[in-house]
Amino acid sequence: MKKKVLLCSLFGVISVCSFSQTQRVGINTEEPQGVFHIDGKNNNAEDDFVIDGNGNVGIGTRTPQSKLEIIGMRGKGLRVTPQGTIQKGKIIGSDEKGNFVISDRLMPEIKEGEIVQIHVRLDASSTNGGPNLASREPVIPGDPSLPAGKSPAVKISTKPVVLTEGTWLVQLKYATRTTAGTGANFNKGCGIIGGWDQYIWTLLYNSNESEYKKAVLTSVGTAPERSGACASTPQLTHIVKVEKNQTMTIDAYASTSIWNNTVVFVDGDFDEFATGKPYFRAIRIDKVD
């Protein structure tokens with residue numbers, strides 16, 4: 001490749017330039033790697049500026065793969081300095097015209113509910129069918145055809161989660177303990193009676209929905225321990241979408257599939273079994289304007 005090397009001026013700075021018959025221009029390099037190539041220190045690609053034949057611009061790289069590719073050390077690749085003072089933690093975004101703007105970092109929107117902080121008994125009659133069958137689900141609150149001797153699942157939320165427009169991740173966790181009687185001996189009859197295993201059923205229920213079957217957002221069954229602390233920690237995660245100009249009021253319900261005495265309990269009231277604090281909340285996971 002024939003090339004000419006001469007002194008040239010760029011922005012008033014005199015440097016060594018090379019011009020090749022392949023229509024490449026190099027400054028401070030005799031082997032330009034693009035249509036236009038500046039090698040700041042005449043050493044490697046770390047300080048190079050290149051425009052290739054596709055119009056891609058590379059800073060810190062001789063082979064840019066996009067319209068602008070910058071490769072630099074952490075914290076030294078790109079710096080944008082608008083007017084005014086920039087505080088740590090701000091982020092760079094764009095306005096409706098595509099201009100860079102500095103804005104606050106968006107924090108996820110969280111809606112908090114509450115789970116009972118006192119002992120609440122889960123009525124064993126709140127489960128359809130015989131005891132302890134995994135296929136049996138709790139009697140839905142508001143069911144007009146409630147069978148004789150049955151009662152609906154027990155509300156365990158003392159404060160609902162109220163959601164507005166958006167897509168939300170709902171999270172719920174609480175704890176239970178079981179005994180065969182009404183006494184304090186929770187090591188008796190743990191989660192099994194007559195050969196049947198016990199299930200704790202948990203529902204998320206939309207209190208704004210008038211049709212009780214549609215009001216059930218989801219349900220899950222959890223098998224408690226068969227010995228030891230006779231405890232369980234039901235946990236539930238569910239995604240719901242609330243449409244524009246709508247709201248959703250979510251309550252939590254629970255029931256048991258066995259006639260043993262099962263109660264929701266507060267962490268710390270049983271030394272041999274620690275579950276952490278209960279929670280009932282929703283986190284918005286879609287775009288927040």
Side-chain angles (χ1 to χ4, degrees), residues 110-129 131-132 134 136-143 146 149-163 168-182 184 186 190-191 197-209 212-225 229-240 247-270 273-283:
I110 300 176
K111 301 286 188 179
E112 296 280 359
E114 293 179 358
I115 297 297
V116 292
Q117 293 294 300
I118 58 174
H119 292 106
V120 173
R121 187 177 187 276
L122 303 182
D123 193 333
S125 67
S126 63
T127 303
N128 280 313
N132 317 344
R136 303 303 186 189
E137 295 186 356
V139 177
I140 302 174
D143 187 351
L146 190 67
K150 297 289 184 178
S151 60
V154 177
K155 182 187 288 188
I156 61 172
S157 57
T158 56
K159 176 184 175 182
V161 172
V162 181
L163 304 180
W168 300 83
L169 177 68
V170 184
Q171 298 177 317
L172 168 68
K173 190 195 83 168
Y174 65 102
T176 69
R177 286 167 61 193
T178 300
T179 179
T182 59
F186 282 90
C190 291
D197 282 321
Q198 180 186 22
Y199 281 83
I200 306 296
W201 286 98
T202 307
L203 302 91
L204 291 182
Y205 193 83
N206 178 14
S207 299
N208 291 355
E209 174 59 58
Y212 73 96
K213 289 186 177 180
K214 292 183 179 179
V216 177
L217 301 174
T218 189
S219 62
V220 65
T222 305
E225 292 183 315
C230 309
S232 70
T233 53
Q235 300 182 50
L236 187 153
T237 300
H238 187 64
I239 294 177
V240 298
T247 61
M248 183 179 294
T249 302
I250 302 178
D251 277 297
Y253 287 78
S255 68
T256 175
S257 65
I258 201 171
W259 52 82
N260 283 12
N261 180 38
T262 300
V263 298
V264 177
F265 76 100
V266 181
D267 179 60
D269 69 354
F270 190 58
F273 193 83
T275 65
K277 299 300 180 183
Y279 53 76
F280 182 34
R281 63 196 176 211
I283 304 170

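All heavy atoms count here, side chains included; hydrogens, waters and symmetry mates do not.
For the atom pair OG1 of Thr222 and OH of Tyr199, the computed distance is 9.5 Å after rounding to the nearest 0.5 Å. Atom-to-atom distance recorded for Leu236:CG and Thr202:OG1 is 6.5 Å, nearest 0.5 angstrom. In this structure, OG1 in Thr249 is found 3.5 Å from CG in Asn208, a value given to the nearest 0.5 Å. Atom CD1 in Ile250 sits 12.5 Å away from atom CG in Leu203 (nearest 0.5 Å). Taking CG of Leu169 as the start and CD1 of Ile239 as the end, the distance is 5.5 Å to the nearest 0.5 Å.
Taking each heavy atom of Tyr174 and Trp201 in turn, the nearest pair found is OH-O, 4.1 Å. Residues Phe280 and Glu114 share a closest heavy-atom pair of CD2-N, 4.0 Å. Of all heavy-atom pairs spanning Lys159 and Glu112, the tightest one is CE-O, 3.5 Å.
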Might you work through the side-chain contact (heavy atoms from CB on, under 4.5 Å) test for Ile115 and Leu172, ending with a clear yes or no?
CA-CA 9 Å; Ile115 297 297; Leu172 168 68; 3.3 Å; yes
Stepwise side-chain contact (heavy atoms from CB on, under 4.5 Å) check, Val161 with Val170
CA-CA 9 Å; Val161 172; Val170 184; 5.6 Å; no
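Applying side chain to side chain contact (heavy atoms under 4.5 Å, CB included) to Leu204 and the options Asp251, Thr218, Val216 leaves one that passes, Thr218.
A heavy-atom distance below 4.5 Å is found between the side chains of Met248 and Leu217.
Using a distance-only test at 3.5 Å, with no hydrogens or angles considered, a donor-acceptor pair links the side chain of Ser157 to the main chain of Ala252.
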